[in-house]
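So the structure is just underneath, and the comments pick up after that.
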Amino acid sequence: MIKNFSLKVAYMGTAYYGWQKQPKHHSVQTAIEIILRGLLQNSEISLTCAGRTDAGVHALGQVASFSVDCHPVWGTEKLKRVLNHRLPGDILIRKISEVEDDFSARFSAQAKTYIYVINTSEKKNPFENKRYLSRKDPLNISRIRKAAKLLIGRYDFTSFGARDDRPDESKIREIYSIDIVEKKDFLFFIVTGNAFLYKMVRSIAGFFIDVGRGHISFELIPEILAECKRTNKVRTASPHGLYLAKVYYKPNCWQDRDHLADALLQNFIS
C-alpha cells in the first residue's frame, strides 16, 4: 500500500553541503535517504523538502515528504526511532506523520519562518562558533527595527536575492513579519514570508547588521528595492547564523510567532 509521509527534521548544517543532494558533496538529503532506502528496502525513495538550505545553514523545522509502499510494521514512531538511531548526531527526525496523498512538503507550504542568530557577548566559545554569528561591535537596534518595517510587504526582492538566481523567474515575494528580538547575549532576526529567494534571508540579515553599525541608512530601502538588481549596498551574512525554523501548511497560521520557545534553541540561549 502506497503511503505518503512527512518528516520534521532538525540539523546542524556545518558538515553538509546544504540540504539538496550533490554529486560530489555530502548533503542532509543524502544522509537521510540512504538510511530510509535501506530500512524500507526501496532504492527509489526521494525526499522533497520545503526549502533547500545552503551549505552551513541549520534547521529546527525543515519538512520533507516522500511516498513509499510501506509494510505495516513500520509505524511512524518506530520509523522515527530507528532513523534517529542510525542517523549521525547532527541530524534529528523530530516527527514523522502519515499525510494525504496530495501533500507535498514543497508545494503545499503556505509560509516559512527563518531565524538569524547573532551572539553579542564578549565571551568566545570555540565549541559553539558555528551555531551563530558572533559580533562584538554594538548594533543600533532602533535603526534595525525601522529597516525591518520597510521590508514588510509584497515586493520584487531581486536586490536581496543572489546574483546568480534564476533570471527568468518572478522575484516577487511577500514578507509577513520581521521581529527583532534581544534575549540575554543574543540578537534574533525572525523573518516570516510566503517564500524566499536564494540567499534572501542572509542578505536581509547582512543589511540589518550594516544598518545597525551605521554603515548604511535604513531610509535607502525603498530605493534599493526599486532598483530590482543585486547591489553592493546589500551584503550577504554568513550561513552559520541562519536557521529554517518553521514551515506552515495552513493559511495564516504563521501568526503564532513563538519561535524562540523551541527547545532546541533554548539549549544554547538559556
Side-chain angles (χ1 to χ4, degrees), residues 10-16 18 53-61 90 112-152 157 159-163 175 177-193 196-221 224-225 230-246 257 259-262 264-270:
Y11 49 85
M12 282 286 294
T14 307
Y16 300 93
T53 52
D54 301 335
V57 174
H58 318 301
L60 300 170
D90 50 9
K112 302 183 187 78
T113 293
Y114 285 86
I115 300 177
Y116 199 88
V117 184
I118 300 174
N119 184 353
T120 58
S121 171
E122 292 290 333
K123 300 175 184 177
K124 185 174 181 179
N125 186 336
F127 303 107
E128 294 192 341
N129 68 330
K130 293 299 183 182
R131 302 175 72 174
Y132 41 68
L133 177 70
S134 291
R135 290 212 67 91
K136 308 291 188 293
D137 51 332
L139 299 176
N140 187 310
I141 305 304
S142 176
R143 288 189 193 135
I144 294 174
R145 289 197 170 107
K146 289 175 181 177
K149 288 181 180 179
L150 292 175
L151 285 175
I152 295 172
F157 278 98
S159 302
F160 287 87
R163 292 184 188 276
I175 292 181
S177 68
I178 302 179
D179 296 315
I180 312 299
V181 179
E182 296 177 273
K183 186 177 177 67
K184 296 187 177 179
D185 291 331
F186 292 90
L187 176 64
F188 302 89
F189 304 150
I190 306 172
V191 185
T192 299
F196 296 92
L197 301 177
Y198 181 44
K199 296 186 179 179
M200 177 173 158
V201 181
R202 286 171 55 194
S203 297
I204 289 173
F207 185 78
F208 283 173
I209 291 168
D210 282 344
V211 168
R213 297 173 70 193
H215 288 187
I216 194 167
S217 172
F218 65 87
E219 295 174 335
L220 289 176
I221 287 177
I224 292 171
L225 288 171
R230 186 66 191 214
T231 167
N232 57 13
K233 297 172 187 172
V234 177
R235 295 187 311 113
T236 304
S238 302
H240 55 272
L242 185 62
Y243 292 74
L244 172 53
K246 196 167 184 178
R257 299 164 88 166
H259 313 297
L260 298 187
D262 189 292
L264 294 183
L265 265 186
Q266 287 296 317
N267 282 341
F268 74 87
I269 67 174
S270 58

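Salt bridge annotation for D137-R213: present, with a cationic side-chain nitrogen under 4.0 angstrom from a carboxylate oxygen.
Taking CZ of F188 as the reference point, atom CG of D179 lies at 12.0 Å (rounded to 0.5 Å). Separating the OG atom in S121 from the CZ atom in R135 is a distance of 14.5 Å, to the nearest 0.5 Å. For the atom pair OG (S142) and CD1 (I180), the distance works out to 11.5 Å, reported to the nearest 0.5 Å. Distance NZ/K136 to OG1/T120: 9.0 Å, rounded to 0.5 Å. Here the CG atom belonging to D54 is positioned 13.5 Å from the NE2 atom belonging to H240, to the nearest 0.5 angstrom.
Residues T14 and D90 are not in side-chain contact: their nearest non-hydrogen atoms beyond the backbone lie 4.5 Å or more apart. F208 places none of its side-chain heavy atoms less than 4.5 Å from the side chain of I118. Between L151 and L225, some side-chain heavy-atom pair lies under the 4.5 Å cut-off. By the 4.5 Å heavy-atom criterion applied to side chains, Y116 and V191 are not counted as neighbours.
Proximity of a side-chain donor or acceptor of T113 to a complementary backbone N or O of A245 within less than 3.5 Å is not detected. The backbone N or O of T53 lies less than 3.5 Å from no partner atom in the side chain of H58, so there is not a single donor-acceptor pair. For R230 (side chain) and G161 (main-chain N/O), a donor-acceptor pair under 3.5 Å exists by modelled atom type. For the pair D262 (side chain) and L264 (backbone), a donor-acceptor distance under 3.5 Å is present. In this structure a side-chain-to-backbone donor-acceptor pair under 3.5 Å is present from R202 to A237.
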Quiz item: Between I204 and I175, is a side chain to side chain contact (heavy atoms under 4.5 Å, CB included) present by the stated rule, with each step listed?
Solution: CA-CA 11 Å; I204 289 173; I175 292 181; 3.8 Å; yes
Practice problem: Using the side chain to side chain contact (heavy atoms under 4.5 Å, CB included) rule, take L133 and I209 through it: C-alpha gap first, then chi angles, then the decisive distance, then the call. | Solution: CA-CA 11 Å; L133 177 70; I209 291 168; 3.5 Å; yes
Practice problem: Take S238 and Y132 through the test side chain to side chain contact (heavy atoms under 4.5 Å, CB included) and record every step on the way to the result. | Solution: CA-CA 9 Å; S238 302; Y132 41 68; over 6 Å; no
Quiz item: Given the rule in the side chain to side chain contact (heavy atoms under 4.5 Å, CB included) test, do I141 and L187 qualify, once you have shown the distances and angles that lead to the verdict?
Solution: CA-CA 9 Å; I141 305 304; L187 176 64; 3.8 Å; yes
Exercise. Check the pair F207 / F160 against ring pair (Phe, Tyr, Trp, His ring centres under 6.0 Å), numbers first and verdict last.
Key: CA-CA 9 Å; F207 185 78; F160 287 87; 5.7 Å; yes
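The two atoms that bring A59 and Y243 nearest to each other are N-CD2, 4.4 Å, heavy atoms only.
Residues passing the side chain to side chain donor-acceptor pair (under 3.5 Å) test with K233 are E223, E227, sequence neighbours excluded.
Aromatic rings from Y114 and F196 are positioned such that their centres are separated by under 6.0 Å.
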